[in-house]
> 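Quick one: structure below, then a few questions.
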Amino acid sequence: MNKNYQRYTVTAALPYANGPKHIGHLAGAYIPADVYVRYLRLSGKDVIFVCGSDEHGTAIPNQALKEKTTPQAIIDKYDSLIRDCFYKLGMSFDIYHRTSEPIHHQTSQDFFLTLHQKGLLTEEVSEQYYDEEAKVFLADRYIVGTCPKCGYANAYGDQCEKCGSSLSPSELINPRSTLSGKSPVLRPTKHWYLPLQNYESWLREWILESHKEDWRASVYGQCKSWIDAGLQPRAMTRDLNWGIKVPLPDAEGKVLYVWFDAPIGYISATRALFEEIAEKKKKFATPQRDFGKIQKDDWKKYWHNEETKLVHFIGKDNIVFHCIIFPIMLHASGEYILPDNVPANEFMNLEGDKMSTSRGWSIEMHEYLEDFPDKPDVLRYVLLTNLPETKDSEFTWKDFQAKNNNELVAIFGNFVNRALVLTQKYFDNKIPALGALIDVDKNIISELKNFPSQIAFSLESYRFREATASLMDLARLGNKYLAETEPWKLAKNDLPRVGTILNLALQIVANLAVVCEPFLPSSSKKLKEMLAFDGTDWTKTGSIDLMKAGHPLGNASLLFEKIEDQVIENQIKKLNDKKNAMELASLPAEAAKPEISFEEFSKMDIRIGKILKAEPVEKSKKLLKLQVDTGIDVRTVMSGIAEHFSPEEITGKQITILVNLAPRKIMGVESQGMILMASDKDGKLRLLQPSEVVAPGSKVS
RNA sequence: GGCGAGGUAGCUCAGUUGGUUAGAGCAUCGGAUUCAUAACCCGAAGGUCGGCAGUUCAAAUCUGCUCCUCGCUACCA
């Protein structure tokens, strides 16, 4: 879309305040967003950059239970942790807001009411689990039970944390409420749905037609996949007592679905930004430029005006919400603009494995900042050079060290240092005059001229790795120039020529100082201090008169320092230690299930059987079709173990089987009984066998 | 199983609309140099672009099939 936009609204995914956030999140959304915004500001564009903590949803109360505290305490804790890390890493939000703030509740409720009053929401009654003792409907997360896939006894109603599979509460075996421990009952409840299917043709036109070229392949592809699969009504409310109340009379105990309110958080944050500036009461706002004289209502320009370019930076897990559901909400409400682009990144892996906070395989932002408090830019740089823009990428500590030592130190920092040291040595730390230019000078001048526009082009195309590589190439240009002109040799008999060379070298340094700001903001600041230079105008870069001859420079110091092997080894060790500690922590056995009577137990008829035959099930990844000799008979059992056992290895094995389980058809085949398995803490299944071979049909009691 | 995204030099990744000897950085090797945080600069080597078939004068690029990785989704009693 080559629209001529007047202003920009840039959002970065609201981090969910149920825990710390790791460097994968930074690489996914925040770093590219910040680079983009900083570049726009330097270019003199009218831009706002909004973000904030996402503080609703079922996982927050759930985390509160885990940490034995209140939801409010959880969001306060993680909001301040995340907020603090973001600012230390240089995120230049104009506001970092919170969805628990009243202005957000109001904005979300207004939004919901608008849709409701327009008749765009449907009401439907469905059966949901209800805890009769606690007298509340149970969100998926509040129901635990045995995971039907891996047998883990404390799987949540929406997901099993052991094997990672997503579930619905009705799939759980022996579901029970985490509030009372009792079995929940199904009870009808009314909810408001957004009929996504009504917008299919509109979506096809908007995404599949008009954004075929400018949206990333993976983003476009996932949208197409969703649309083609058939859109369905999606509940926009939940039975929960944590969140934003549904603003209707007959909606007691109901809140807005977190994915309804979260993206509205971008709008609320914008409103809060303008309100706080207009009323001169800054609470969350951290305006990064002079907004001039503004009115409270000026936020509307950034959300209603067609000349505003809206860009959402997110990770790939958020694509459907930002490309399908939220745009439908915006479109349906009738007065909002739509995102021009949603440059979602893929995921960043860590040392060969998926990043995961819960598994301990991660580098959390605060952990990095504790160990490298003076190196926010090093992390920014390393992540930037390796952003998962087109596919999942990989972070390794060794690469971190190499990028720091071989690029930031050896090329960027070294060039700056060479230029400054030579100026100190030969020109009393003042910028020498520019004399006659020879070819080598003219070449460097014309090359320099191209860099800013080239980098700008990459950034505007959301190609941040490419832009970062160009930045480093600019420093390379400087090193090459010094190597070719060898001013230290000429100093003995042609000082004016040396002056010309250093003038140009210093102009390159000054250009670097401005151009690197989006990427390496704190280094940019340091470098400008060293130069006693305060340029902030991108449109002036590319030229050789950023600094005047005779201008006295500040004190030179090293921009970056080498990172020794020992530091890297310590980090790798720390990472492994953390993972091991997490595994140990999860070792204690889970809490026992509710008590049952002997009669209840004795209803189960458990036997030892033998697998006579095992075969894969067509069109199924997880199922094996087993013929089992139970001693009583030979029967067919469908078992979800294909990812753990091959038919060959399991054939002939003794197993434990529940023989009087009601038969059930699975994939068209009637399954008569259930094979019992031990599931290890990593979710891996093991057979339950007697210590010595016993006769088929032997009873287990 | 369905859908989506990937599979390019030892490593991390680029390759725009099909067009001459397929690129970059790191690592390796050689050279040059000493102003600089033993850094920089120049050069070399290294790939049958996952595999097979097809379209074309021409395919990393388009089509079909197939294998592998990742994500979403389904089967799990």
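Values below: all heavy atoms of this structure, side chains included; hydrogens, waters and symmetry mates excluded. Letters go in sequence order (proteins before strands), and every chain restarts at 1.
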> More 5' along RNA chain B: A/T385 or A/S218, using each one's nearest nucleotide?
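Of the two residues, A/S218 wins.
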> Any strand counts, and the cut-off is 3.5 Å on both contacts for Watson-Crick or G-U wobble. Which nucleotide pairs with B/G30?
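Checking every strand shown, B/G30 finds its partner in B/C42, with both distances under 3.5 Å.
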> Would you indicate what A/L559 reaches in the nucleic acid, counting non-hydrogen atoms under 4.0 angstrom: base, sugar-phosphate, or nothing?
base
> Counting only non-hydrogen atoms, which of residues 313-326 of chain A are less than 4.0 Å from RNA chain B?
A/K316
> If pairing requires Watson-Crick or G-U wobble contacts with both distances under 3.5 Å, which nucleotide is the partner of B/A5?
B/U69
> Hey, does A/M472 reach any base, or is it just sugar-phosphate, or nothing, if we go heavy atoms under 4.0 Å?
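Nothing: the residue A/M472, judged by heavy atoms under 4.0 Å, touches no strand.
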> With heavy atoms under 4.0 Å as the rule, sort A/A217 into base, sugar-phosphate or nothing.
sugar-phosphate
> Applying a 4.0 Å non-hydrogen cut-off, can you work out what A/S393 is touching in the nucleic acid: base, sugar-phosphate, or nothing?
sugar-phosphate
> To the nearest angstrom, how far is A/I411 atom CD1 from B/C42 atom C1'?
14 Å
> Tell me the interatomic distance from A/N405, atom CG, to B/C40, atom C1', rounded to whole angstroms.
15 Å
> Are any protein N/O atoms closer than 3.5 Å to N/O atoms in nucleotides 29-35 of chain B? If there are, list each pair with its distance.
| unit_1 | atom_1 | unit_2 | atom_2 | d |
| --- | --- | --- | --- | --- |
| B/C35 | O2 | A/R418 | NE | 3.2 |
| B/C35 | N3 | A/R418 | NE | 3.1 |
| B/C35 | N3 | A/R418 | NH2 | 2.5 |
| B/C35 | N4 | A/R418 | NH2 | 2.8 |

> Can a donor-acceptor pair be found between the side chains of A/N345 and A/R216 at a distance below 3.5 Å?
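Checked: A/N345/A/R216 side chains pair up, N/O donor to acceptor below 3.5 Å.
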> Let's test this: given Watson-Crick or G-U wobble pairing with both distances under 3.5 Å, identify the partner of B/U63.
B/A53
> Using atom NZ of A/K398 as one end and atom P of B/G10 as the other, report the distance to the nearest whole Å.
15 Å
> Examine the side chains of A/S470 and A/D473 and answer whether a donor and an acceptor come within less than 3.5 Å of each other.
no
> A/R463 near the nucleic acid: base, sugar-phosphate alone, or nothing, with a heavy-atom cut-off under 4.0 Å?
nothing
> For the pair made of CG in A/L231 and C1' in B/U73, what is the distance, rounded to whole Å?
14 Å
> Taking any heavy-atom pair under 4.0 Å as a contact, classify A/F415: base, sugar-phosphate, or nothing.
nothing
> Any base atoms under 4.0 Å from A/K224, or only sugar-phosphate, or nothing? Heavy atoms, all strands.
nothing
> Taking OP1 and OP2 of B/U69, is either one under 4.0 Å from a side-chain nitrogen or oxygen of A/K391?
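False: A/K391 side-chain N/O out of range (4.0 Å or more) of B/U69 OP1/OP2.
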> Taking any heavy-atom pair under 4.0 Å as a contact, classify A/L558: base, sugar-phosphate, or nothing.
base
> Could you tell me whether A/K480 contacts a base, only the sugar-phosphate backbone, or nothing, with contacts defined as non-hydrogen atoms closer than 4.0 Å?
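The residue A/K480 makes sugar-phosphate contact but no base contact.
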> If we call it a pair only when both distances are under 3.5 Å in a Watson-Crick or G-U wobble match, what pairs with B/G25?
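Answer to the pairing question: B/C11, which forms a Watson-Crick or G-U pair with B/G25.
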> Could you go step by step and tell me if A/E346 and A/S218 meet the side chain to side chain contact (heavy atoms under 4.5 Å, CB included) rule?
CA-CA 9 Å; A/E346 307 280 303; A/S218 56; 3.1 Å; yes
> Give none if B/U16 has no partner; otherwise give the nucleotide forming a Watson-Crick or G-U wobble pair with it, both distances under 3.5 Å.
none
> What nucleic acid atoms does A/E484 come within less than 4.0 Å of, heavy atoms only: base, sugar-phosphate, or nothing?
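The residue A/E484 makes no contact with any strand.
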> Which one of A/E407, A/K375, A/K403 satisfies the side chain to side chain donor-acceptor pair (under 3.5 Å) criterion with A/Y381?
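Output: one option passes, namely A/E407.
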> Check this for me: does any side-chain nitrogen of one of A/D228 and A/R204 sit under 4.0 Å from a carboxylate oxygen of the other?
yes
> Looking across every strand, which nucleic acid part, if any, lies under 4.0 Å from A/N414 by heavy atom: base, sugar-phosphate, or nothing?
base
